[in-house]
Amino acid sequence: MIEAVDLERTYKLGDSDVGALRGVSLSVAAGDYVAITGPSGSGKSTLMHVLGALDRPTAGLVRIDGRDVNTLSDGDLAELRNATIGFVFQSFALLARTSAVDNVAMPLLYRGMRKSARRKLAVEALEKVGLAHRLDHRPNQLSGGEQQRVAIARALVGDPKVVFADEPTGNLDTRNGEEVMKLLGALNADAGVAIVLVTHEPDIAAHASRQIQIRDGRIAFDSAAGRDPAAA
Amino acid sequence: MTVLEGFRVALEALRANRLRSLLTMLGVIIGVAAVVLLVGIGGGAKQEVTSQVEGLGSNLVIVVPGKFELGSAPTVSRLQLDDVDAIARVVGDPNAVTASVTSGEVARNGTREMFTSMVGVTETMTTVFDRPVARGQAISATDVDTRRRVAVLGSEAAEELFGDVDPIGRQLTLAGVRLRVIGVYAERGSAFGVSRDGEIHVPVTTAHRILGTERVDALVVKAPSSDRVEELRPKLEQALVDRYPGEEFSAVTQSQILGTIGKILGLLTLVLAAIAAISLLVGGVGVSNIMLVSVRERTREIGLRKALGARQRDVLLQFLIEAVMLTAVGGIIGITIGVGGSLLIDTFSPVPAVITWWSPAMAFAVSAGVGVFFGVAPARRAARLDPVVALRTD
Ligand SMILES: Nc1ncnc2c1ncn2[C@@H]1O[C@H](COP(=O)(O)OP(=O)(O)O)[C@@H](O)[C@H]1O
Ligand SMILES: [Mg+2]
């Protein structure tokens, strides 16, 4: 599904270079449920962006669904993200003045899908996250937990092969956090969608079947290390 | 994303920020309204002049001393009444030639008083200028030959000096001379606020005696048909040069006068429209400016859209369409105001205004073009945003 070899990602800050990723190799198989943990600033988000085709590595190789990111144009990457990847962000990242159903339908707009078809899929996705009764609510009319469920519906509406969730419970209380984790778990168990969960909370990471720890831009621990020769 | 979808997304974004959208459009609205209004007034002035000159009667040739051209000073006339006969021989019809002398004078009837144009005319005036009397009689050949102290009033002069009383047969004082009113002209309307209806006509010979002169200001010839107008002109000029060797005369036609006035008004309209176009340009810069602010403000939205699959051209299209919609809607509102304003001005003020089809069409095309032109820079900035950087921005 996703294969990364010797990933490096360096940010230029003035004259000095900041190495956010310094040689990361890992692979995520279809249907995997991976938790990436590590202290703040260790490179978790950066890794997620590179694995999710949002960002290009400074060095190294990323293959998503069999396609080498380095050989793809920005437009190809956009299409790749749209077709195979779902994203959930800590801050929900919903369009503020847009209804729940339109927020969920938004990714489908860039598939050239007709409005009626988009709406139908969006309604179904919102039903799956238990928000069939909140279709026309705007984000500011929803609780934090509900907003994150809208974001999950948006991540799954396009029928992705993998969903990346960056601190999805970071802005939620424990009860709403559990609700969100239940949905992600069901998505993985029932639909076989691979999930890459970024978190710094061990309780949340425990939902995943595979644990990866990052420290200073390197993988410090991978519970599936034996299975993955690249991570050795 | 199709263009239609682009419109939908753009419309949503503009509606979400109604007040700002309106303020952004304001520059375009003012610019377009100004263009349409000024072109309307310029066109109205031109049409007014045309109808005034044509209203003089058809196929007229006006003979004046000196050269007739833009910017030349008027020449003092040496034309006299016997020149009318000479010209009549050239035309071959004594009824087709008239002469006049005009002077500003005070007219009085008891306590009623007005400042008016006293025009000394020949008996052919009514036929040449196609100006019938509504009541009473016109000035006759006998009136001219015997220097009768009679007057024919314009409708406004009659109203002002006599009110509701029928002036025919009554006396008035013009330039200190007592005259008897024999007729009142039909209403004619005004040109540039100067009313022909305020004139008082007297026999040209009577005017000569009052003014102590023999001169006439101009001779006017009515050509038998429109195709004879051009043929007559050089003959008329030559006939006068024969009589006054070494001097210059111009026989000008209505179309020449129209052409000259049209040139002046056309230039004026162009200058006004250019000034208005500059304000439209300023409006376009305003659109660009606000779009840049909008792109910055919506960095997260753009990053999100790109993260979820929007390509550069999708974002470019969205912001371009937003800019074009701002200017196009602004253009439509501006056209509405411009056309409405022109109609109001035309109806409620002495200034005429006409709406030509091309000025709103052009204003709309230009404002939409301004949207594309000034929308490109902000739209490109939006399209090129890095989704990761955009998502990390708060
Ligand atoms: N755009 C950027 N420019 C410079 N440095 C960055 C940028 N983004 C992230 N970094 C740096 O890269 C490192 C990893 O960041 P990040 O991946 O966000 O960590 P985490 O998500 O684990 O908190 C940090 O030191 C951070 O300051
Ligand atoms: Mg992070």
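Each chain gets a letter, A, B and so on, in the order its sequence line appears, and its residues count up from 1. As the structure is a computational prediction, the values presented were derived from the model and not from experiment.
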Is there a donor-acceptor pair under 3.5 Å between the side chain of [X] and the backbone N or O of [Y]?
X: A:Thr169; Y: A:Gly177; answer: no
X: A:Asp32; Y: A:Ala194; answer: no
X: A:Asn82; Y: A:Pro107; answer: yes
X: A:Ser25; Y: A:Asp6; answer: yes

With only heavy atoms counted, which part of A:Arg56 is less than 4.5 Å from chain B, the side chain, the backbone, both or neither? neither
With a 4.5 angstrom heavy-atom cut-off, is it the side chain or the backbone of A:Tyr11 that approaches chain B, or both, or neither? side chain
Before you tell me yes or no, could you show the steps for B:Leu304 and A:Phe89 under side-chain contact (heavy atoms from CB on, under 4.5 Å), namely the whole-Å CA-CA distance, both residues' side-chain angles and the distance that decides it to 0.1 Å? CA-CA 10 Å; B:Leu304 180 70; A:Phe89 302 99; 4.0 Å; yes
Structural part of B:Gln312 lying under 4.5 Å from a heavy atom of chain A: side chain
B:Arg15 versus chain A, heavy atoms under 4.5 Å apart: side chain, backbone, both or neither? neither
Go through A:Leu94, A:Asp55, A:Leu54 and name the one with the most non-hydrogen pairs under 4.5 angstrom from chain B. A:Leu54
